[in-house]
Amino acid sequence: MPLTALTAWETLFDRLDLSPDGEDAGTPVLLINGAGGVGSMAIQLARVAGLKVIATASRPESRQWCFDLGADEVVDHFGDLPAQLAERGLDSIPAIACFNDLDRHYPAMAQLVAPQGRLASIVGNKKPLPFQELREKSVGLFWECMFTRPRFDNPEKGRQGEILDAVIGMVDDGRLVSTRSQGLGTISAENLRTAHRLLSSLMHCRAEARPTAGGGFLMQTAVGWTLVQRRFVGFKV
């Protein structure tokens with residue numbers, strides 16, 4: 001949760017320059033891949049900030065998940081995004097975040113973003129992106145990497161501690177819910193086999209293992225099936 005929460009917070013409030021304190025209440029924000037780990041946190045943080053949250057998801061389960069987290073609208077990222085949003089009276093979005101497959105979604109993002117708006121992405125592009133439309137609109141495109149502050153010894157690297165304190169407060173008072181859904185206990189051969197079996201049963205699944213403060217690791221499965229996108233498998237030692 002700390003990784004996804006930090007990434008979501010920095011995307012919304014640093015890169016897209018939205019206010020976490022309600023000063024931008026009612027401002028539309030489009031979150032592409034809202035049912036993923038970062039997207040799930042971004043929906044909640046945006047809701048707490050009073051933003052109008054439009055998320056994307058494709059499967060019925062993932063659409064419901066986004067609504068349950070507080071999305072105002074959910075559209076299908078495999079469909080025509082501009083057309084779907086136009087049907088909802090949303091054809092110009094000032095802030096758009098991409099949490100998956102920038103190459104696929106960039107054309108729609110460039111079309112939808114409002115003049116002088118902002119785009120942010122946590123994923124890179126595999127092919128060159130045409131920026132002419134962004135230049136004509138005076139739009140900024142920002143990358144988000146939660147490791148930037150510590151990696152480059154940024155003077156405000158302590159800010160991430162403050163962000164996590166704020167997130168913990170929101171979890172404690174019920175405004176945020178964790179997206180971790182399954183813990184497998186201590187690291188053991190049997191639990192590792194169970195984790196491997198779970199991962200192997202998922203289509204097109206990638207997994208990431210991150211160290212935890214207790215000396216174990218947290219395995220996050222992401223992309224592929226939407227239900228996979230919000231499953232976190234943790235071990236403790």
Side-chain angles (χ1 to χ4, degrees), residues 1-57 65-75 81-82 85-86 88-99 105 108-122 134 137-149 154-179:
M1 185 172 178
L3 305 182
T4 55
L6 276 174
T7 302
W9 183 291
E10 291 183 350
T11 299
L12 290 171
F13 306 131
D14 292 342
R15 311 306 165 223
L16 294 179
D17 199 32
L18 297 165
S19 170
D21 302 319
E23 296 174 9
D24 293 315
T27 298
V29 58
L30 173 61
L31 307 176
I32 296 175
N33 193 33
V38 176
S40 295
M41 292 305 303
I43 289 174
Q44 297 182 79
L45 289 170
R47 183 203 69 224
V48 171
L51 303 170
K52 181 177 178 61
V53 184
I54 307 108
T56 77
W65 172 254
C66 291
F67 280 126
D68 290 345
L69 293 176
D72 297 292
E73 303 279 355
V74 180
V75 293
L81 285 180
L85 291 175
R88 294 162 171 79
L90 298 165
D91 55 4
S92 185
I93 311 293
I96 302 175
C98 182
F99 302 130
H105 300 300
M109 294 167 64
Q111 179 179 338
L112 286 167
V113 67
Q116 301 188 78
R118 289 187 175 219
L119 305 176
S121 179
I122 69 170
L134 301 191
K137 292 184 178 180
S138 299
V139 166
L141 171 60
F142 299 86
W143 305 107
E144 162 55 23
C145 175
M146 60 154 287
F147 298 107
T148 297
R149 282 180 165 117
N154 190 286
E156 57 171 18
K157 60 185 178 182
R159 172 65 180 146
Q160 291 188 326
E162 298 171 358
I163 293 171
L164 289 177
D165 285 341
V167 168
I168 290 170
M170 293 179 189
V171 172
D172 288 343
D173 65 22
R175 287 180 292 167
L176 297 182
V177 297
S178 173
T179 55

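Here the structure is a predicted model, which is why all the values come from computation and not from measurement.
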Backbone of Asn33 reached by a side-chain donor or acceptor of Thr56 within 3.5 Å: yes

Closest contact, heavy atoms only, Leu119 versus Leu16: C-CD2, 3.9 Å

CA sep, side-chain torsions, deciding dist, call: Arg88, Val75, side-chain contact (heavy atoms from CB on, under 4.5 Å): CA-CA 10 Å; Arg88 294 162 171 79; Val75 293; 3.7 Å; yes

Qualifying residue, where the test is side chain to side chain contact (heavy atoms under 4.5 Å, CB included) with Leu12 and the options are Asp17, Thr7, Leu45: Leu45

Nearest atoms (heavy-atom pairs only) where Leu85 meets Leu30: CD1-CD2, 4.2 Å

Non-hydrogen atoms of Ala46 and Val53 that approach each other most closely: CB-CG2, 3.6 Å

Which atom of Ala35 lies closest to which atom of Cys66, heavy atoms considered: N-SG, 3.8 Å

Side chain Glu162, main chain Gly158, donor-acceptor under 3.5 Å: no

Carboxylate-amine/guanidinium contact Asp14 Arg149, below 4.0 Å: yes

Side-chain donor or acceptor of Asp24 paired with backbone N/O of Ser19 under 3.5 Å: yes

Contact summary for Arg47 and Gly70, nearest pair of heavy atoms: CD-CA, 3.8 Å

Any donor-acceptor N/O pair, Gln160 side chain to Met146 backbone, under 3.5 Å: yes

Arg159 vs Ile163, side-chain contact (heavy atoms from CB on, under 4.5 Å): CA-CA, chis, key distance, verdict: CA-CA 6 Å; Arg159 172 65 180 146; Ile163 293 171; 3.9 Å; yes

Side-chain donor or acceptor of Arg175 paired with backbone N/O of Gly169 under 3.5 Å: no

CA sep, side-chain torsions, deciding dist, call: Gln111, Leu81, side-chain contact (heavy atoms from CB on, under 4.5 Å): CA-CA 10 Å; Gln111 179 179 338; Leu81 285 180; over 6 Å; no

